[in-house]
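Naming: A, B, ... by sequence-line order, numbering from 1 per chain. Reckoned from all heavy atoms, side chains included, excluding hydrogens, waters and symmetry mates.
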Number of protein chains: 2
Amino acid sequence: MPASRKTPKLADVARLANVSEATVSVVINGRVGKHARVSETTQEKIWQAVRELGYVANPAAKTLAGGSSMILAVFTFEPIFPIEHRNFYYPFLIGIEQEARQHGYDLLLLTSIDNTQDGRHIYRNGRNRLQLVDGAILLGAENNKQEVLALLEDRYPFVFVGRRDSPNDNISYAAADYAEGTAEIVDYLFQYQHQKIAYITSRSPKESSIDREIGVRRGFERNGRGLHNLQFWTGSADRLTLHDLTLLLQQGVTAFIAEDDLLGNQILRLAHGAGWQCPRDFSLAVLGDPLSLVEPVQTWTAFRIPRHAMGREAVRLLVQMLGELDPNRTAPYRTMLPCTFVPGTTVAYPPVADLKSRDA
Amino acid sequence: MPASRKTPKLADVARLANVSEATVSVVINGRVGKHARVSETTQEKIWQAVRELGYVANPAAKTLAGGSSMILAVFTFEPIFPIEHRNFYYPFLIGIEQEARQHGYDLLLLTSIDNTQDGRHIYRNGRNRLQLVDGAILLGAENNKQEVLALLEDRYPFVFVGRRDSPNDNISYAAADYAEGTAEIVDYLFQYQHQKIAYITSRSPKESSIDREIGVRRGFERNGRGLHNLQFWTGSADRLTLHDLTLLLQQGVTAFIAEDDLLGNQILRLAHGAGWQCPRDFSLAVLGDPLSLVEPVQTWTAFRIPRHAMGREAVRLLVQMLGELDPNRTAPYRTMLPCTFVPGTTVAYPPVADLKSRDA
DNA sequence: TATTCTTGATAAAGGGCTTTATCAAATAGA
DNA sequence: TCTATTTGATAAAGCCCTTTATCAAGAATA
């Protein structure tokens, strides 16, 4: 920052106030009584000088010297940074931004896009992009386990948005309770007299997928239904065929649970092609908010992911972590937020034929 | 960043490669031949060491020592940071983000929200938030002239999104040509046989408002119409009454040009209350994209602001500025982007009665 | 062979801040 | 009155990197 009239520095304040730089630093950072003792009089003199010069600390220097930069990084492993309408990750960001601002933090947006060949993400162009900030919020599904573990080992302060497993189970996160949200969907289907249910899932190794499957099973268990009433179909949306659906229906399935809206939409599309209507001919529930940008035709019976709250909570946890006195604490910071059930219009009682056949 | 295995630093690389820190710095930053000469052999040795240690430069130190941080700040004077659906400023951000990433820059989001009482914005909590970054993109209408001038004087590199006046006319910007966009709207209204037109404007001192008025006048001039055919109504949307509109219509006005959609919507609301229909009873055009979050009932006859392109262009200009060799250049960096005319559905030929009265 | 360029590399001086260890003076305790 | 403690403040080292000025050695020129 080339300046005509040079920006005042700590030394200038010290000179004007007739004290040492150390004292100024202590006072300005509210470390009086911790690093050193400073009389009221001196403190007032210093603030006076600060005001007079319009002194502003250089954040780079602060950071370098081990102070805080009052900046949090938001790191997303998604290929496209969610600054995009209707993007699934967008509401998280809003929450993150709001909470960060409330705590006086600015946000450094980092994306994992990387045109170097080394495949590292957090590190880019030979520069650790996190060294500049006080801590990081990690967001997105495609996480690079290796890098995250490296951060953990470095005791770098970060919080995930969404549950994340790790060998020592020591990752901090603000997560949504997908399992319970899912179980409630199952409850609902049972209330609507569905007996046989098919779970259409990608069965990816991601935590979000694992939790949903846990929820499905939990739903069956707590309603006292045997797992023989639960059919699985595993694969990605483009692999799902009408034949698959027909087969499931023939086995007595009257309701589908789709892991996400991509699968849900595919079910709907196939069914529509065959002249079936939802929820007249079959019921359908979706586990969570839409990932796709397609405006849904019907309102899914689904649960809402508290994305906004998750973003806020993640920042809250991070700030708490940064303010924590004990540098030896190993316990992760965590919050589990509930999902909200949405009745929607895609679930109804099974077709009479099915009810009859059940009674028979 | 407390680390178990300390992050390697420049000195470590130097030691491993058996050269001085200075040499490493020169090589890593591609300053060979500029600051010093280094043989191919040595360079290779250094890169080897860098790879082996996984060295990553500390951005804070780089910044402090006068290097570049590869971070751009996005500063908005708006009270709410545009991370929000359907926000007027949102598309700008998308463009900014895309272009920044293309150039390898990360983004620091700064907002003008300020809970200290001193009323300063770029400076907050006794910390100049811009000292950390290489340059800044300024966005938003409520700019603080004083601060911007201070930046200019400091020769701090920044680019505005949108045209900005300054005493020496030396502010860099990527702007949209509102004047021409507006003039085209006027052309269009004349094509539709409107004779008397009312311009409903806030007449704020903002550049965007000034340019639109210039455009209105230009439209009249280049169509050879006298300004006595141009009526003005000045004020904010909540001050506009049905009486005002009636008066204008009585004076022979058949088309309104609203400076923004807030005014446009108010016109529509009032008219609707009186049983008038648009464009049957009167025509209406709006100068630019909607500021409000209200979904419009009709598609305005309007022009589109190339918000996305403006964002990108602003970053392009900033990057260019940063790469500029000549530190003494005083000429601002500027681009003027065209707006796109949108026919919409709110303009038609004037009511027959009016055409007749004109002929009479 | 003596002199001038080049080439290749370095020492050292910052850049602006934080923090630890240290100290003098003032106060309290005996 | 003399020592022990508390109070108020500082010197100096360090954070990690960039850049300028300087230099030794080898190559080219005379």
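Comparing C:dG14, C:dC17, C:dA11 by their nearest atom to the side chain of B:Ser20 picks out C:dA11. Of all nucleotides listed (C:dG15, D:dT19, D:dC17), C:dG15 comes nearest to the side chain of A:Leu64. Picking from D:dT18, D:dC15, D:dC16 the nucleotide with the shortest atom distance to the side chain of A:Ala65 gives D:dC15. Closest contact between the side chain of B:Glu21 and the listed nucleotides D:dT20, D:dC17, C:dG15 involves D:dC17.
The distance between atom NZ of B:Lys9 and atom C1' of D:dC15, rounded to the nearest whole Å, is 8 Å. Whole-Å rounding puts the B:Asp12 CG to D:dC16 P distance at 9 Å. Separating the CZ atom of B:Arg31 from the C1' atom of D:dT19 is a distance of 10 Å, rounded to the nearest angstrom. The separation between B:Ile28 atom CD1 and D:dC16 atom P is 15 Å, rounded to whole Å. As rounded to whole Å, 11 Å separates atom C1' of C:dG8 from atom CD1 of B:Ile46. Look at CG on B:Asn29: it is 13 Å from P on D:dT20, rounded to the nearest Å. A straight line from CG of B:Leu10 to C1' of C:dT10 spans 13 Å, rounded to a whole angstrom. Rounded to whole Å, atom P of D:dT18 lies 13 Å from atom NZ of B:Lys34.
For residues 17-31 of chain A, the set of pairs meeting the salt bridge (Lys or Arg N to Asp or Glu O under 4.0 Å) definition, not counting sequence neighbours, is empty.
Mapping B:Ala36 and B:Ala61 onto DNA chain D by nearest heavy atom places B:Ala61 at the nucleotide closer to the 5' end.
Taking 4.0 angstrom as the limit, A:Asn58 places none of its side-chain polar atoms (N or O) nearer than this to OP1 or OP2 of C:dG15. Between A:Tyr55 and C:dC17, a side-chain N or O to OP1/OP2 separation shorter than 4.0 Å is present. Neither OP1 nor OP2 of C:dT18 sits under 4.0 Å from any side-chain N or O of A:His35. OP1 or OP2 of C:dT18 lies within a sub-4.0 Å distance of a side-chain N or O belonging to A:Lys62. Between B:Arg37 and C:dG8 there is no side-chain N or O to OP1 or OP2 distance below 4.0 Å. Side-chain N/O atoms of B:Thr23 include none lying less than 4.0 angstrom from OP1 or OP2 on C:dA9.
Residues A:Tyr105 and A:Leu322 form a side-chain contact, since some pair of their non-hydrogen atoms from C-beta on lies under 4.5 Å apart.
Looking at residues two or more places apart in sequence or on another chain, you find no side-chain hydrogen bond (donor to acceptor under 3.5 Å, both in side chains) involving B:Asn168.
With the end axes of the helix from C:dT1-D:dA30 to C:dA30-D:dT1 each set by five pairs, the angle from one to the other reads 50° at 10° resolution.
Residue A:Val315 is tested with A:Leu107, A:Val74, A:Ile96 for a side-chain contact (heavy atoms from CB on, under 4.5 Å); the sole match is A:Ile96.
Between A:Tyr89 and A:Phe92, the two ring planes are tilted [angle within 30° to 60°].
Among the protein residues, B:Ser39 comes within range of the sugar-phosphate backbone only, with heavy atoms under 4.0 Å from sugar or phosphate atoms but none that close to a base. As judged by a 4.0 angstrom heavy-atom cut-off over every strand, B:Thr42 is placed among residues touching the sugar-phosphate backbone only.
Among all heavy-atom pairs drawn from B:Ser69 and B:Thr63, the shortest one is CB-OG1, 3.4 Å.
Once rounded to the nearest 0.5 Å, the distance linking NZ of A:Lys62 with CE of A:Met70 reads 9.0 Å.
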*For the pair A:Arg164 and A:Asp169, evaluate salt bridge (charged side-chain N to carboxylate O under 4.0 Å, His left out) and give the outcome as yes or no after the intermediate values.*
CA-CA 8 Å; A:Arg164 283 302 180 287; A:Asp169 192 32; over 6 Å; no
